[in-house]
Participant: 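Take a look at the following structure, please.
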Amino acid sequence: MTCMKKKSLNQVTDFDLKLLRIFKTVADCGSFSAAESLLGITRSAISLHMGDLEQRLGMRLCQRGRAGFSLTDEGVEILRLSENMMSSVEFFRQQVNQMHEQLRGEFTIGIINNLVTQPMMRITHALQKLRADGPNIRINLSMCTPAEIERGLIDGHLHTGALPLISPLSGLNYRPLYEEKSSLYCGHTHPLFHYQGDPGPELLSSLDAVVPSCRMTAETIRLHQQLNGSATATDREGIAFLILTGKFVGYLPEHYANLWLEKNMMRALAPDTLSFSTTIAVATRKGHRPNAILDLFMRSLEH
C-alpha cells in the first residue's frame with residue numbers, strides 16, 4: 001500500500017469542487033471505466049484528476065488495479081463529507097435563486113417501478129409542468145423500492161417520492177394520489193389459464209405463488225396467505241417475470257398487467273374477489289427546508 005504524506009488543506013477552491021464531483025461520480029459508478037460516459041472524459045483523464053485530488057488532500061481515496069476498484073476508509077469518509085458539502089452548496093444556490101424568483105437547481109424524486117403505465121399520469125403531468133416552468137431545473141429520477149424512497153427522504157437525498165401508502169412513517173408527510181387495483185394473474189402456459197369460475201380455498205392453497213418481499217397491508221397479506229408462497233420478488237417487474245414462466249401466480253396492478261393481457265399472455269383469476277386496492281401517495285420529509293421547486297411540483301399534482 002502506498003503511503004501519502006499528510007498535509008493540511010488550507011482552503012477549498014473551485015478546482016477542488018470539480019475534483020470532488022468527479023470522485024463522487026466514480027464512486028457512484030464503481031469504476032473509472034463506468035464513469036467515462038457520465039463525465040465525458042477518458043479513463044486516463046479521470047485517473048489524473050483522482051491523482052490530483054489525492055495529492056491535494058494528502059490521502060489515498062481508492063484502490064484501483066487488477067483487483068478492481070474500491071474506496072479506502074479515508075475515501076468513504078471524504079465521500080460522505082463531500083456529499084454534505086455539495087448539499088449545502090445546492091441549498092445556498094436554491095435560496096439565492098428563489099430571491100431572484102428563478103427556478104434553478106436540482107430536483108430529485110424516487111418512484112416505485114411500473115407506475116408509468118398508470119392511466120392518470122399525474123406524476124408525468126407534474127414533471128411536465130415542472131420542466132415547462134423551470135427549464136433550467138435538473139430533474140434526477142430514480143426507480144426505487146418503497147423502503148429506499150423512505151430512506152432517501154429521511155436522509156435528505158430525495159426531495160419527494162411516489163410509493164404505496166402501507167404503514168406511514170412519523171417523519172414523513174403523505175399525499176394520496178390515486179387508488180391502484182391489483183388482481184391475481186397467471187401466465188398463458190399455466191394450468192389455470194383456461195379455468196373458468198372462482199377457485200376455491202383448496203385449489204388456491206395448492207397454487208405456487210410469488211409474494212412481494214416489501215411491506216403489505218393486512219388485506220394484501222390475507223390474500224397472499226391463501227396461496228402457496230413459494231417465491232418472492234422485490235418489485236412488480238420481478239412478479240411479472242415469474243408469472244410469465246407459467247409456474248407461478250401472483251398479484252399485479254391491472255394497469256401494468258394489461259401489457260400482457262392484450263397479447264393473451266396473462267389472464268386474471270376471479271378478479272371480482274381475488275383483488276385489492278392500494279393507495280399510491282407522494283411523500284415528503286416533515287420539516288424539510290423551503291424549496292420552490294418542490295412546492296411547484298406538489299402544486300402541479302393537484303391539477
Side-chain angles (χ1 to χ4, degrees), residues 8-29 35 38-40 49 53 56-57 61 71 74-112 123 126-163 168-175 281-302:
S8 298
L9 183 63
N10 295 324
Q11 68 180 69
V12 178
T13 66
D14 289 342
F15 184 62
D16 292 324
L17 293 175
K18 174 184 175 182
L19 295 179
L20 287 169
R21 289 189 178 97
I22 291 174
F23 171 53
K24 183 180 184 310
T25 300
V26 172
D28 289 344
C29 292
L38 282 179
L39 292 171
H49 286 312
L53 180 60
R56 179 86 172 131
L57 298 177
L61 300 180
L71 295 180
E74 291 85 355
V76 171
E77 184 63 14
I78 289 297
L79 179 63
R80 184 186 69 81
L81 292 173
S82 64
E83 287 176 338
N84 290 340
M85 178 179 64
M86 291 174 191
S87 177
S88 297
V89 170
E90 175 61 24
F91 175 65
F92 173 78
R93 183 172 68 170
Q94 287 188 0
Q95 296 306 300
V96 172
N97 288 334
Q98 287 178 28
M99 292 172 65
H100 291 286
E101 297 183 354
Q102 295 177 355
L103 289 176
R104 295 175 180 271
E106 306 266 340
F107 179 67
T108 57
I109 177 172
I111 301 177
I112 60 169
I123 295 173
L127 291 172
Q128 181 185 44
K129 174 69 173 174
L130 192 67
R131 186 62 177 176
D133 290 2
N136 294 314
I137 296 171
R138 180 182 177 86
I139 298 174
N140 300 312
L141 190 152
S142 299
M143 307 309 296
C144 309
T145 65
E148 289 170 341
I149 291 173
E150 290 169 336
R151 285 196 299 269
L153 292 171
I154 293 295
D155 64 25
H157 285 95
L158 293 176
H159 291 119
T160 187
L163 72 167
L169 300 184
S170 60
L172 300 179
N173 289 318
Y174 297 84
R175 179 186 297 182
V282 287
T284 55
R285 184 175 64 177
K286 289 182 179 178
H288 62 78
R289 293 171 174 173
N291 186 317
I293 299 175
L294 176 59
D295 291 344
L296 173 59
F297 176 79
M298 298 301 286
R299 290 197 305 271
S300 300
L301 289 171
E302 298 173 0

Participant: So do L57 and E74 actually touch side chain to side chain, heavy atoms under 4.5 Å?
Facilitator: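 Contact flag for E74/L57 side chains = no.
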Participant: Can I get a per-line list of side-chain donor-acceptor pairs under 3.5 Å for residues 134-141, giving both atom names and the distance, sequence neighbours left out?
Facilitator:
| unit_1 | atom_1 | unit_2 | atom_2 | d |
| --- | --- | --- | --- | --- |
| R138 | NE | N140 | OD1 | 3.4 |
| N140 | ND2 | E106 | OE1 | 2.4 |

Participant: Might you confirm whether atom NZ of K18 has over 12 heavy atoms from other residues, nucleotides or ligands at distances under 6.0 Å?
Facilitator: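 Counting other residues, nucleotides and ligands, NZ of K18 stays at 12 neighbours or fewer.
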Participant: Hey, mind stepping through H288 and N173 against side chain to side chain contact (heavy atoms under 4.5 Å, CB included) and telling me if it holds?
Facilitator: CA-CA 10 Å; H288 62 78; N173 289 318; 5.8 Å; no
Participant: Nearest 0.5 Å, please: how far is CE in M86 from CG in L81?
Facilitator: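 Result: 11.0 Å between the selected atoms.
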Participant: Hey, could you give me the CZ/CG distance between R289 and L294, rounded to the nearest 0.5 Å?
Facilitator: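 It comes to 13.5 Å.
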Participant: Can you confirm whether R175 sits close enough to T284 that some side-chain heavy atom of one is under 4.5 Å from a side-chain heavy atom of the other?
Facilitator: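 Result no, sub-4.5 Å side-chain heavy-atom pair not found.
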Participant: Could you state the interatomic distance from CD (E302) to CZ (R299), rounded to the nearest 0.5 Å?
Facilitator: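 These two atoms lie 8.5 Å from each other.
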Participant: Looking only at heavy atoms, what is the nearest atom pair of A27 and L79, with distance?
Facilitator: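 Between these two residues, the closest heavy atoms are CB-CD2, 3.9 Å.
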Participant: Quick one: does P146's side chain get under 4.5 Å of I112's, heavy atoms only?
Facilitator: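 With C-beta onward as the side chain, the pair touches.
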Participant: Which heavy-atom pair separates K129 from S300 by the least distance, and what is that distance?
Facilitator: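 The answer is CG-OG, 2.9 Å.
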Participant: Heavy atoms only: give me the nearest F297-I123 pair and the separation to one decimal.
Facilitator: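 Result for this residue pair: CE1-O, 4.4 Å.
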Participant: Which atom names give the shortest non-hydrogen contact between G161 and I149, and what distance separates them?
Facilitator: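 It is CA-CG2, 3.7 Å.
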Participant: Could you name each residue pair satisfying side-chain hydrogen bond (donor to acceptor under 3.5 Å, both in side chains) that touches residues 80-91, not counting sequence neighbours?
Facilitator: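 Sorted pair list: E77-R80, E90-R93, E90-Q94.
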Participant: Side-chain donor-acceptor pair under 3.5 Å between T25 and D28, yes or no?
Facilitator: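 The criterion, which ignores hydrogens and geometry beyond distance, is not satisfied for D28 and T25.
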Participant: Measure the CG-CG distance between L130 and L301 for me, rounded to the nearest 0.5 Å.
Facilitator: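 One finds 10.0 Å between CG of L130 and CG of L301.
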Participant: Is any side-chain heavy atom of F23 closer than 4.5 Å to one of L71?
Facilitator: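 A side-chain contact exists here, since the closest heavy-atom pair is under 4.5 Å.
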Participant: So, using ring pair (Phe, Tyr, Trp, His ring centres under 6.0 Å) as the criterion, who are the partners of H49 when residues are at least two apart?
Facilitator: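 Residues passing ring pair (Phe, Tyr, Trp, His ring centres under 6.0 Å) with H49: none at all.
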Participant: If you take all heavy atoms of L172 and L153, which pair is closest and at what distance?
Facilitator: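 Result for this residue pair: CD2-CB, 3.7 Å.
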Participant: For the backbone of L169 and the side chain of Y174, can you confirm whether one donor and one acceptor N or O come within less than 3.5 Å of each other?
Facilitator: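 Answer holds: yes.
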Participant: Atom CG of D16 and atom CG of L53: how far apart are they, to the nearest 0.5 Å?
Facilitator: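 D16 atom CG to L53 atom CG measures 7.5 Å (nearest 0.5 Å).
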Participant: Tell me, with the steps shown, if I78 and L20 meet side chain to side chain contact (heavy atoms under 4.5 Å, CB included).
Facilitator: CA-CA 9 Å; I78 289 297; L20 287 169; 4.1 Å; yes
Participant: So, for L158 and G110, which heavy atoms are closest and what is the spacing to 0.1 Å?
Facilitator: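 Between these two residues, the closest heavy atoms are CD2-N, 3.8 Å.
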Participant: Does atom CG of D155 have more than 12 heavy-atom neighbours, drawn from other residues, nucleotides or ligands, at distances under 6.0 Å?
Facilitator: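 Result for CG/D155: enclosed.
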Participant: Quick one: pull up CG in L296 and CG in N291 and give me the separation to the nearest 0.5 Å.
Facilitator: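 Going from the CG atom of L296 to the CG atom of N291 covers 10.0 Å.
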Participant: Tell me if a side-chain donor or acceptor on T108 pairs with a main-chain N or O of H157 at a distance below 3.5 Å.
Facilitator: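 Yes: the side chain of T108 pairs with the backbone of H157.
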Participant: Can you classify the ring geometry of F107 versus H159 as parallel (below 30°), tilted (30 to 60°) or perpendicular (above 60°)?
Facilitator: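 Plane angle under 30°, so parallel.
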